[in-house]
S.K.: 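Handing you this structure, nothing more for now.
All residue numbers refer to positions in the sequence shown, counting from 1.
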Amino acid sequence: VAEEECNVRIKKIEYTGDFRIIGEDPNTFKTCECTSNMRWWRDYRTEMEEGDYFIKNKGETFLQIVKRDTVITHSYNCFEE
């Protein structure tokens with residue numbers, strides 16, 4: 001989880017096995033794509049809309065969905081049995 005990295009302004013979300021966020025890099029304005037096969041990104045897909053920013057920095061165990069007037073932060077929790 002800590003190794004994942006994605007910083008994108010969302011244009012489109014696809015979920016066909018892997019979870020893909022397609023959009024624009026806010027620093028370069030180039031088209032980019034982030035892909036994750038882990039469930040925790042996909043769990044928050046209903047909170048993501050076109051125009052939002054999805055931010056997951058390498059080395060961090062949380063992600064952020066940045067909307068025009070709100071920042072939603074979700075932390076990754078590893079549960080052991």
Side-chain angles (χ1 to χ4, degrees):
V1 171
E3 293 301 310
E4 294 179 319
E5 183 172 29
C6 181
N7 189 354
V8 64
R9 183 170 185 262
I10 300 170
K11 289 189 177 180
K12 183 178 177 183
I13 295 172
E14 294 181 353
Y15 175 54
T16 55
D18 286 344
F19 184 71
R20 294 182 349 144
I21 302 172
I22 301 162
E24 180 180 87
D25 183 311
N27 298 312
T28 65
F29 304 106
K30 292 182 180 180
T31 300
C32 66
E33 178 181 310
C34 298
T35 303
S36 177
N37 60 2
M38 295 189 61
R39 183 173 44 206
W40 81 297
W41 287 21
R42 155 179 101 217
D43 286 348
Y44 305 113
R45 69 184 178 273
T46 59
E47 297 175 5
M48 299 178 208
E49 299 174 332
E50 182 178 339
D52 293 347
Y53 291 85
F54 180 87
I55 301 169
K56 168 55 182 82
N57 293 314
K58 192 171 186 174
E60 296 176 345
T61 57
F62 65 91
L63 60 83
Q64 293 183 310
I65 302 163
V66 181
K67 298 181 170 289
R68 189 166 35 113
D69 60 355
T70 307
V71 176
I72 302 168
T73 303
H74 293 287
S75 296
Y76 180 79
N77 296 311
C78 183
F79 296 102
E80 294 182 22
E81 293 186 29

S.K.: In this structure, would Ile10 and Met38 fall into the same cluster of hydrophobic residues linked by side-chain contacts under 4.5 Å?
M.R.: yes

S.K.: Identify the two heavy atoms, one from Val1 and one from Trp40, that lie closest to each other, and give their separation to 0.1 Å.
M.R.: CG1-CZ2, 3.5 Å

S.K.: Taking atom CD1 of Ile72 and atom CD of Gln64, what is their separation to the nearest 0.5 Å?
M.R.: 10.0 Å

S.K.: If the plane angle is over 60° it's perpendicular, under 30° parallel, otherwise tilted; pick one for Trp41 and Phe19.
M.R.: perpendicular

S.K.: Less than 4.0 angstrom from a charged side-chain N to a carboxylate O is my criterion; do Lys67 and Glu47 meet it?
M.R.: no

S.K.: Ignoring hydrogens, what is the shortest heavy-atom contact between Cys32 and Asp25? Give both atom names and the distance.
M.R.: SG-N, 3.5 Å

S.K.: With rounding to the nearest 0.5 angstrom, report the OG1 to CD distance, Thr35 to Glu4.
M.R.: 10.5 Å

S.K.: Would you say Tyr76 and Lys56 make side-chain contact, with heavy atoms under 4.5 Å?
M.R.: no

S.K.: Side-chain contact test, heavy atoms from C-beta onward, threshold under 4.5 Å: evaluate it for Leu63 versus Ile65 and give yes or no.
M.R.: yes

S.K.: Strictly below 4.0 Å, N to O, side chains only: are Glu5 and Lys58 in salt-bridge contact?
M.R.: no

S.K.: For the atom pair OH (Tyr15) and CZ (Arg42), what is the distance rounded to the nearest 0.5 Å?
M.R.: 3.5 Å

S.K.: Looking only at heavy atoms, what is the nearest atom pair of Pro26 and Arg9, with distance?
M.R.: CD-N, 4.3 Å

S.K.: Between CD of Glu14 and CD of Glu33, what distance do you get to the nearest 0.5 Å?
M.R.: 7.0 Å

S.K.: Using the side chain to side chain contact (heavy atoms under 4.5 Å, CB included) definition, which of the options Asn7, Ile21, Val66 pairs with Phe54?
M.R.: Ile21

S.K.: At what distance, to the nearest 0.5 angstrom, does OG1 of Thr46 lie from CE of Met48?
M.R.: 8.5 Å

S.K.: What is the distance from atom CD1 of Ile55 to atom CD of Glu60, rounded to the nearest 0.5 Å?
M.R.: 9.5 Å

